[in-house]
Structure formats: C-alpha cells, structure tokens
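First up is the structure itself, then whatever we jot down about it.
Every chain is numbered from 1, with letters handed out A, B, ... down the list of sequences. Just so it is clear, the model here is predicted, and its values are computed rather than measured.
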2 protein chains.
Amino acid sequence: MGNSENTEKTGEGFERAAGAQAQMRKGVLELCILSILSQGDAYPTEIIDKLKDTKLVVVEGTLYPLLTRLKNTGLLGYRWEESTSGPPRKYYKLTEIGEQYLKELQVSWTELVDAVNKTIEKGKK
Amino acid sequence: MGNSENTEKTGEGFERAAGAQAQMRKGVLELCILSILSQGDAYPTEIIDKLKDTKLVVVEGTLYPLLTRLKNTGLLGYRWEESTSGPPRKYYKLTEIGEQYLKELQVSWTELVDAVNKTIEKGKK
DNA sequence: ATTTAGTACTATGTGTTGCAAGGTACTTAA
DNA sequence: TTAAGTACCTTGCAACACATAGTACTAAAT
C-alpha cells in the first residue's frame with residue numbers, strides 16, 4: 001500500500017504532465033509532417049511554422065533528423081531552391097510511396113483515437 | 001548541391017507502418033492505464049486484458065515497468081491480495097494525486113487529438 | 001511426493017525517438 | 001568588417017516500449 005498525501009509539497013504539482021504531453025506526441029509527428037507535405041512542398045522552417053499554428057511545437061533538433069529518416073526510407077524527396085532572403089531552402093516533397101504510407105498512418109491514427117477514447121470514456125461514466 | 005528526387009523504391013510495402021503504429025501508442029498507455037484504474041482497482045494481467053478489449057495490445061515487459069514508474073511517482077498505490085487460482089495478485093489503485101494527474105492527461109489527450117486532426121484535415125480537403 | 005501446467009510478478013538489454021545544445025553557411029544591412 | 005537574420009546540420013542524452021528470460025506460487029496429474 002503506502003500511498004502518500006504528499007500533494008502539493010512542491011506547489012506546482014505536475015511538472016510531469018509536460019513530460020507526458022511530450023510523450024504522447026511521439027509517433028504522430030511523422031503523420032503530421034507527411035500530412036503537411038501532402039498539401040504542398042515545404043521547407044523545414046515552414047513546416048515548423050505550420051505545426052505551430054496547430055499547437056504542435058516542434059524544434060529543429062527533432063525535425064531535421066526526422067526528415068532525413070523519411071527521405072532515406074523513400075517517403076520523401078527534396079529539391080534545393082534559392083531564396084531572396086537568406087540561404088537556399090530544401091523543399092521536401094511527398095513521394096508516391098509516401099502518399100500511400102500517409103494513408104495507412106491516417107487509418108492507424110483513427111484507430112488509435114477510437115481505442116483510447118473507448119478506454120477513457122468508460123472511466124468517465 | 002542540387003541533387004533531387006532520390007526516391008529509391010524499396011519495392012516491398014510498409015512493414016514500417018507497424019513500427020509507426022507502435023510508436024504512436026507511446027505515451028497514451030499511461031493515460032489508458034490510469035483510466036482503467038479509475039474504474040476500479042486491478043492487477044496487471046487484468047489491465048492487459050482490458051486493454052486488449054479496446055485493441056490496445058500491451059505486453060508484460062511494457063506494463064510492469066510502467067506500473068512501477070507510476071507507483072514511484074506517487075500516482076498509484078497497490079495492495080497484495082490472495083487468489084484462489086494461482087499466486088497472489090498485486091492490485092493497483094489510483095491515488096488522489098493520480099486522479100488529478102489523470103484529469104490533466106485527458107485534457108492533453110483531447111488537445112493533441114484536436115491539433116493532429118486540424119493538421120491532417122487540411123491535407124484531405 | 002514429484003512433476004507439470006497455469007498464473008502472476010520481476011529483471012535485463014536493446015532500438016527508436018524527441019530534444020537540448022552547439023555548429024556551419026548564406027544573405028543583407030549598418 | 002561586423003552584425004543580424006535565416007536556414008540547415010550534428011552530436012549526445014534520456015525516456016520509453018518491447019523482447020526475452022527468469023522467479024515464484026498454486027493446483028492437478030502422474
């Protein structure tokens with residue numbers, strides 16, 4: 001047994017919640033990035049901005065390795081394009097394989113949401 | 001610079017999709033387990049069965065360390081209880097802290113679902 | 001009484017992944 | 001020449017799910 005009552009010793013309560021939020025996002029980033037690219041080619045900084053619009057904050061150290069991974073798997077391709085305001089940009093693009101894969105991920109996402117909602121709704125009744 | 005479109009067909013389909021599915025589940029397990037325990041105390045094997053009912057398959061090697069983690073954080077407590085058909089069972093129980101934390105996780109989950117859906121819906125229109 | 005099968009909990013090692021932190025390189029303006 | 005802004009890249013770490021293997025208790029079969 002041994003539970004505790006050490007509520008709010010620290011006052012702020014659940015800094016852990018931030019960690020769990022981050023944890024929950026794992027895996028869906030791939031889905032989001034592929035979705036964004038399905039709307040049109042984009043370069044990394046642009047992708048980060050679009051994710052920010054939907055409250056999904058992603059940083060460079062996360063995005064760049066992920067894009068490279070997706071490229072190496074054949075889901076993405078890219079081209080360089082000059083910019084009028086800075087260094088050249090690396091525009092990523094969904095490949096055909098990437099499009100098929102995206103569809104599968106969307107199905108997986110829907111199934112996951114259903115499964116989780118089914119589980120947590122029982123607890124709310 | 002300037003290469004492009006290295007599409008590199010791998011030919012075979014997406015055994016990778018299985019990996020991404022697994023990846024997407026990460027982090028929501030905590031939410032699901034706490035939700036299940038909010039419906040009443042349960043021991044690990046029972047939890048696994050309940051998760052199976054909602055298509056979220058989890059194995060022992062995943063569940064036990066997670067439960068220990070949640071217990072050490074003070075979100076769960078447990079008690080031993082005799083069984084008529086085997087070794088004693090470790091019944092886990094939500095603490096008060098755990099209940100509050102669960103509520104936060106549910107909010108985070110809802111926000112995540114909204115954010116992801118917002119992102120992928122743009123790609124579908 | 002010893003073995004076998006079933007149930008339940010525990011421990012260890014590995015691969016993936018998100019992220020913080022730091023670095024390089026190009027462009028424009030002061 | 002310096003500074004500031006933009007953009008891309010790398011390294012090292014920590015968290016986590018999972019596979020695998022192991023321990024322990026009970027009851028039925030031999």
Practice item. Could you tell me the separation between the CG atom of D49(A) and the C1' atom of dA7(D), rounded to a whole number of Å? Key: 12 Å

**Study point:** Whole angstrom value for the distance that separates P of dC19(C) from CG of L29(A)
**Key:** 6 Å

Review point. Whole-Å distance between dT6(D) C1' and E81(A) CD?
Key: 16 Å

Check your understanding: Whole Å only: how far is the CG atom of N72(A) from the C1' atom of dT16(C)?
Key -> 15 Å

Exercise for review: Verify whether one side chain among Y101(A) and Q106(A) offers a donor that lies under 3.5 Å from an acceptor in the other.
Suggested key: no

Check your understanding: Short question: side chain of S83(A), backbone of S85(A) - any donor-acceptor pair under 3.5 Å?
Key -> yes

Review point. Under 4.0 angstrom, heavy atoms only, what part of the nucleic acid is S83(A) near: base, sugar-phosphate, or nothing?
Key: nothing

**Study point:** Pi-cation contact, Y43(B) with K90(B) (under 6.0 Å, within 45°)
**Key:** no

Check your understanding: Given the rule in the salt bridge (Lys or Arg N to Asp or Glu O under 4.0 Å) test, do D49(A) and K52(A) qualify, once you have shown the distances and angles that lead to the verdict?
Key -> CA-CA 5 Å; D49(A) 287 342; K52(A) 227 176 269 166; 3.8 Å; yes

Practice item. Find the distance I47(B):CD1 to dT7(C):C1' and express it as a whole number of Å. Key: 16 Å

Point to revise | Polar contact flag, side-chain donor to acceptor under 3.5 angstrom, T119(A)-S35(B) | key: no

Point to revise | Test: D41(A) and R79(A) ion pair at under 4.0 Å | key: yes

Review point. Atom CD1 of I33(B) to atom P of dC18(D): distance rounded to whole Å?
Key: 10 Å

Mind listing the N/O atom pairs, protein and nucleotides 9-13 of chain C, below 3.5 Å?
{"from": "dC9(C)", "atom 1": "OP1", "to": "K90(B)", "atom 2": "N", "distance (Å)": "2.7"}
{"from": "dC9(C)", "atom 1": "OP2", "to": "Y64(B)", "atom 2": "OH", "distance (Å)": "2.7"}
{"from": "dC9(C)", "atom 1": "N4", "to": "E60(B)", "atom 2": "OE1", "distance (Å)": "3.3"}
{"from": "dC9(C)", "atom 1": "N4", "to": "E60(B)", "atom 2": "OE2", "distance (Å)": "3.4"}
{"from": "dT10(C)", "atom 1": "OP1", "to": "K90(B)", "atom 2": "NZ", "distance (Å)": "2.9"}
{"from": "dT10(C)", "atom 1": "OP2", "to": "K90(B)", "atom 2": "NZ", "distance (Å)": "3.2"}

Point to revise | Under 4.0 angstrom between T62(B) side-chain N/O and dA17(D) OP1 or OP2 | key: no

Practice item. Write down the distance between CG (L67(A)) and C1' (dC8(D)), rounded to a whole number of angstrom. Key: 11 Å

Check your understanding: Taking atom C1' of dG15(C) as reference, at what distance in whole Å does atom CZ of R69(A) sit?
Key -> 12 Å

